[in-house]
Amino acid sequence: MSIAEKQQQILEELSFLPGWQERYEYVIGLGRQLPAMSDKLKSSDKLIKGCQSQVWLDARAEDGHVRFSADSDSVITKGMIALFVRVLDGESPDAILSADLSFIDQTGLKEHLAPTRANALNLMATQMKQRALEIGAA
Amino acid sequence: MSIAEKQQQILEELSFLPGWQERYEYVIGLGRQLPAMSDKLKSSDKLIKGCQSQVWLDARAEDGHVRFSADSDSVITKGMIALFVRVLDGESPDAILSADLSFIDQTGLKEHLAPTRANALNLMATQMKQRALEIGAA
Amino acid sequence: MAFDPSKVRSDFPILAQAVNGKPLVYLDNAATTQKPLAVLDASRRYYEEINANIHRGTHHLARAATAAHEAARDRVARHLNASESAEVIFTSGATDSINLVAAILTLVPGDEVLVSALEHHSNIVPWQMLCERSGASLKVIPCHEDGTLDQDAFRALLSERTRLTAFTWISNAFGTVNPVREMCAAAKAAGSLVLVDAAQAIPHVRIDVRELDADFLVFSGHKVYAPTGIGVLWGRRSVLDALPPWRGGGEMIKEVTFERSTYNVLPFKYEAGTPNIEGAIALAAALDYIEGIGLEAIAAHEQHLIRRAAEGLSALTDLRLFGPDDRVGALSFGIHGVHHYDLGTLIDQMGVAVRTGHHCCQPLMARFGVTGTTRASFALYNTEAEVDTLIAAVEKALVMLR
Amino acid sequence: MAFDPSKVRSDFPILAQAVNGKPLVYLDNAATTQKPLAVLDASRRYYEEINANIHRGTHHLARAATAAHEAARDRVARHLNASESAEVIFTSGATDSINLVAAILTLVPGDEVLVSALEHHSNIVPWQMLCERSGASLKVIPCHEDGTLDQDAFRALLSERTRLTAFTWISNAFGTVNPVREMCAAAKAAGSLVLVDAAQAIPHVRIDVRELDADFLVFSGHKVYAPTGIGVLWGRRSVLDALPPWRGGGEMIKEVTFERSTYNVLPFKYEAGTPNIEGAIALAAALDYIEGIGLEAIAAHEQHLIRRAAEGLSALTDLRLFGPDDRVGALSFGIHGVHHYDLGTLIDQMGVAVRTGHHCCQPLMARFGVTGTTRASFALYNTEAEVDTLIAAVEKALVMLR
Ligand SMILES: Cc1ncc(COP(=O)(O)O)c(C=O)c1O
Ligand SMILES: Cc1ncc(COP(=O)(O)O)c(C=O)c1O
């Protein structure tokens, strides 16, 4: 499935969830399913410090593809990152760099987030592209 | 005439002047009539610095009475001081110290004055009493 | 209950709105309070009737605006029982007031500034900057597990090196009420100047600066039902008269030449430039408003609410309340295994506005080993029903999160 | 005439009043402007709909208030054509902005600060205090008899010792418009930082900070139809990033421990404590208001009025106009043998509000050998008829005074 198709799939899943409660339960569920990063991996260079919650992001190369792992002390934040991981994990650096990640705006989730958290999401997308760029160049 | 009588006289004169224009012309006229102080007398220890206009005040003893002279670069300010001078000039230190100078509030002139100028008037009254005190004690 | 909040809620139009389809429950009052119509009307009337620049004007509006601004100063002085209005200096807020004091003090290496573990960043960072500039050192009064200050440690820290002691009257994070009178007395006995941060105290307790015997007391208008952008520094005249000016500009000077300027007297010495005239007038209206209801009645009502909230919440599994039982204004809690940010996000969806995070008290959070808490804070317009909504919302969020 | 002021006067309820039985003629706009309903409504709507403390809040109102506050910053940045919104720092006014810059600069003996003879006390005293603190010296660009700056002397005063050059765009006392672009270029060529005081420029001329190429530009909201208590410091990022913070407190920090604090990025680094949220939002509304009419149309209208006033007044015996013929905003005059205070007092009785005195420019008054002037200053809502009333009132007062 392409990045665009994965994004489309997420939007469809969300379209079955009309209320805020179901949508948040969906995000919380994604956050729970995303494997926790080992404490060893959670080094400070992996830390993206938000205003209220902390996020760790790791990326490594595997057969020319990028494998992401991520974690957060907030399960909702973690669920939001899981959306990005699901879309970008295992793709090539080029595909990641050219991906349009504005699908997140269509989820309707961002409106419920504090500006700091919404910014954190943008930061997250930027960071994932940055790591893909480094891996592609290596 | 006692100080109280002189004050009463001023209030009566003003009562014939219904409009702001006549009242200001009256004050300006008083300012013009008050003799200018000589530049020699206008030393800095005689200066009471207001926010907008300057006032010089001098007091000297004459046969146990206090003689005031005063000047200002603003003719309206000078006219207001002239009201005090007319009331207090030539009186004994004791009479000056015990005088109730709140008649100025009844002239209706104060309402037209900037707070700084109104304060300057209060300051003026205080200063005249202060000089009378010094002369009485000497 | 002391008074009926339903009678005053219509004074606050903002409270009538729905958030995400649910009635707004505003419990973030320690961050900022909502404004009654009386305050909004006072601001507006100022602009519709008498707005002008003050002090130096000869014209009618300038006189009216000056009189209203100085009457506002008198009103604040009366509220604080200050000896004279000139001791009331208008600033842009509590933070600005504290920075003013920190900027005009001159310390030398060896001097000490004493602050408490409960302080807001605004009552820490200016002193750190002062210490950095001067070589003085910053000492910290520690706190007990229940969020009260260790008074024995405080007394042990006081010495003839203590130049300034700064502490909050009420903690914005935990609602702890410090024994400010005793602390002022102890600090002054040691020869220290004392600054009391009344930012959280001003809406909840009666303040009498003469009885308190501090040297400085600060607060923000926006935490006592007045607008943003206005604050107060009350300072003892004998202390302020001896200190240098801070900001330079119009109004704070007596005479300016390019060679040398001389400075005006209190309060103008510390009020450079055009002040927030509207803000001062609206602050006076806010003080009128709370006194119209009665500060004591308000405090009793808020105490009732905060106790009800504490009781209801402490029944929830794994919930920890911070601060002592006799907290005022703010109630902070944490729930094991649940991030405060997630909790706050979910109850916001239910219309309940609380604050989550470190509340600008990172050192205090570090002391308690947490990155933040969830804080509900109360004002005169809050109701029992709102407290019950808060508790139900937290319960529902916990079901979703666990 | 460029536009019809009678159409906008109803936007300003304060103008409809009578003073001493005569219609108010408000010609003290350089001191402060009146506020249109659009601005008053924006303030009120903020409090009736979205008021909350900003930046750190998770809840709905905090999000809305933060978004509105940051949108106001964007609006100001757009008005100034700033490269980015983060270069716009909200302060409590122009005086506060200048003090901020003076406080964060570090100078040493031998360094020079250059200011002009036209400056307002707010653009003199902070530099005097900086010089006193640092041992640097203050140099003054002199002015010609017509109230324009001596550009040759300015260039001669510039040297590699000049660390900062500060001048006003438009003189509040005389209405002189300085050639700011050329002056910025000259100062920067000499290696000096440049601060432009746009307090009087903001309501009258278009400002483009990128074209101007200064390092700092300051103004107050209240002089551009916005409330008191809000101001702006625009600063070039590369310069501000390299300078230390000023006020300490909430929001301006990244992380606080008692041992050490680290500071936030622009613009927050310079915005300690709860800002004047309402003020910023109302300022944005004021900029929308003037752009809705058109800054160029407003300027043309005001130019028409000021020329009519200059012509009418200069026909009076012994009247002296200060400043050059192409003055903007303010018209200052003196009358031989008549004290400005007396003149102002009498025309106030006729409903005409002008400012008299030194206009916070004592050194400039001393340069011209006067203790003060009478100043009429203009805004978009003034009319030809008001100009004629002014002239007639001055004539009548002169009859009374001579
Ligand atoms: C040229 C100039 N600079 C600075 C100021 C100071 O502005 P504020 O008093 O709003 O801080 C003024 C206000 O009169 C001014 O005219
Ligand atoms: C205890 C305390 N001190 C100081 C402040 C700072 O107040 P402001 O942000 O209004 O300057 C606050 C505000 O949160 C506070 O709670």
Side-chain angles (χ1 to χ4, degrees), chain C residues 13-14 19 28 31-32 34-35 40 44 47-49 51-53 56-61 92-93 95-96 99 121-122 124-126 128-129 138 140 220 222 227-230 247-250 253 255-258 261 272-274 276-279 341 344-345 348 353 355-357 360 362-363, chain D residues 13-14 19 28 31-32 34-35 40 44 47-49 51-53 56-61 92-93 95-96 99 121-122 124-126 128-129 138 140 220 222 227-230 247-250 253 255-258 261 272-274 276-279 341 344-345 348 353 355-357 360 362-363:
Chain C
I14 195 171
V19 169
D28 193 17
T32 200
Q34 301 304 338
K35 321 306 170 197
L40 301 183
R44 185 141 189 152
Y47 286 121
E48 295 197 345
E49 294 174 9
N51 173 56
N53 212 327
R56 281 170 311 270
T58 26
H59 59 74
H60 170 78
L61 291 182
S92 64
T95 301
D96 193 37
N99 277 276
H121 293 163
S122 290
I124 299 173
V125 182
Q128 283 185 321
M129 292 167 87
L138 190 73
V140 184
S220 292
H222 73 91
T228 53
I230 185 77
R247 279 180 284 232
I253 54 90
E255 208 162 332
V256 176
T257 66
F258 280 122
S261 297
T274 305
N276 187 348
I277 309 169
E278 166 214 331
Y341 196 21
T345 302
D348 173 51
R355 184 124 318 210
T356 61
C360 291
Q362 288 179 347
Chain D
I14 195 172
V19 169
D28 193 17
T32 201
Q34 300 303 338
K35 320 306 170 198
L40 301 183
R44 183 140 191 153
Y47 286 121
E48 294 197 345
E49 295 174 8
N51 172 56
N53 212 327
R56 281 170 309 269
T58 24
H59 58 75
H60 170 78
L61 290 182
S92 63
T95 302
D96 193 36
N99 277 277
H121 293 162
S122 290
I124 299 173
V125 183
Q128 284 185 320
M129 293 166 87
L138 190 72
V140 183
S220 290
H222 72 92
T228 53
I230 185 76
R247 278 180 285 232
I253 54 90
E255 210 163 329
V256 175
T257 66
F258 280 122
S261 297
T274 305
N276 187 347
I277 309 170
E278 166 214 332
Y341 196 22
T345 301
D348 173 51
R355 185 126 316 212
T356 61
C360 289
Q362 287 179 346

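These figures come from a predicted structure and were not determined experimentally. Order of the sequence lines fixes the chain letters, A, B, ..., with proteins taken first and strands second; residue numbering starts at 1 for each chain.
In this structure, C:Gln128 contributes its side chain and D:Phe258 its backbone to a donor-acceptor pair below 3.5 Å. Judged by distance alone, with hydrogens and angles left aside, the side-chain atoms of C:Gln362 form no donor-acceptor pair with the main-chain N or O of D:Thr257 at under 3.5 Å.
Looking at every heavy atom in both residues, C:Ser122 comes nearest to D:Gly250 through OG-N, 3.1 Å. In this structure, D:Gly248 and C:Pro126 approach most closely via the heavy-atom pair O-CG, 3.5 Å. Nearest heavy atoms, D:Asn53 versus C:His222: ND2-CE1, 3.7 Å. Of all heavy-atom pairs between C:Gln34 and D:Tyr47, the closest is OE1-O, 4.3 Å.
Counting heavy atoms from C-beta outward, D:His59 and C:Arg355 have side chains that approach closer than 4.5 Å. A heavy-atom distance below 4.5 Å is not found between the side chains of D:Thr58 and C:Asp348. The closest side-chain heavy-atom distance from C:Lys35 to D:Glu278 is not below 4.5 Å. Using a 4.5 Å cut-off on side-chain heavy atoms (C-beta onward), C:Glu49 and D:Ile14 make no contact.
The structure places OG1 of C:Thr95 at 9.0 Å from CZ of D:Arg247, a figure rounded to the nearest 0.5 Å.
The candidate with the highest count of non-hydrogen atom pairs below 4.5 Å against chain C, out of D:Ile230, D:Val140, D:Thr356, is D:Val140. Taking D:Gly273, D:Gly93, D:Gly279 one by one and counting their heavy-atom pairs under 4.5 Å with chain C, the maximum is reached by D:Gly273. The greatest number of non-hydrogen atom pairs below 4.5 Å with chain C, out of D:Ser92, D:Gly357, D:Pro227, is found for D:Pro227.
Heavy-atom distances place the side chain of D:Asn99, and not its backbone, under 4.5 Å from chain C. With a threshold of 4.5 angstrom between heavy atoms, C:Asn51 approaches chain D through its backbone and through its side chain. In this structure, the portions of D:Ile277 lying under 4.5 Å from any heavy atom of chain C include both its backbone and its side chain. If you measure heavy-atom distances from D:Ser220 to chain C, you find no contacts under 4.5 Å at all. Both the backbone and the side chain of D:His60 come within contact range of chain C, with heavy atoms under 4.5 Å apart. Both the backbone and the side chain of C:Leu40 have a heavy atom closer than 4.5 Å to some heavy atom of chain D.
With hydrogens and angles left out, the side-chain atoms of D:Thr228 and C:Asn276 include a donor and acceptor closer than 3.5 Å.
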ask   = Given the rule in the side-chain contact (heavy atoms from CB on, under 4.5 Å) test, do C:Val256 and D:Val125 qualify, once you have shown the distances and angles that lead to the verdict?
value = CA-CA 8 Å; C:Val256 176; D:Val125 183; 4.0 Å; yes

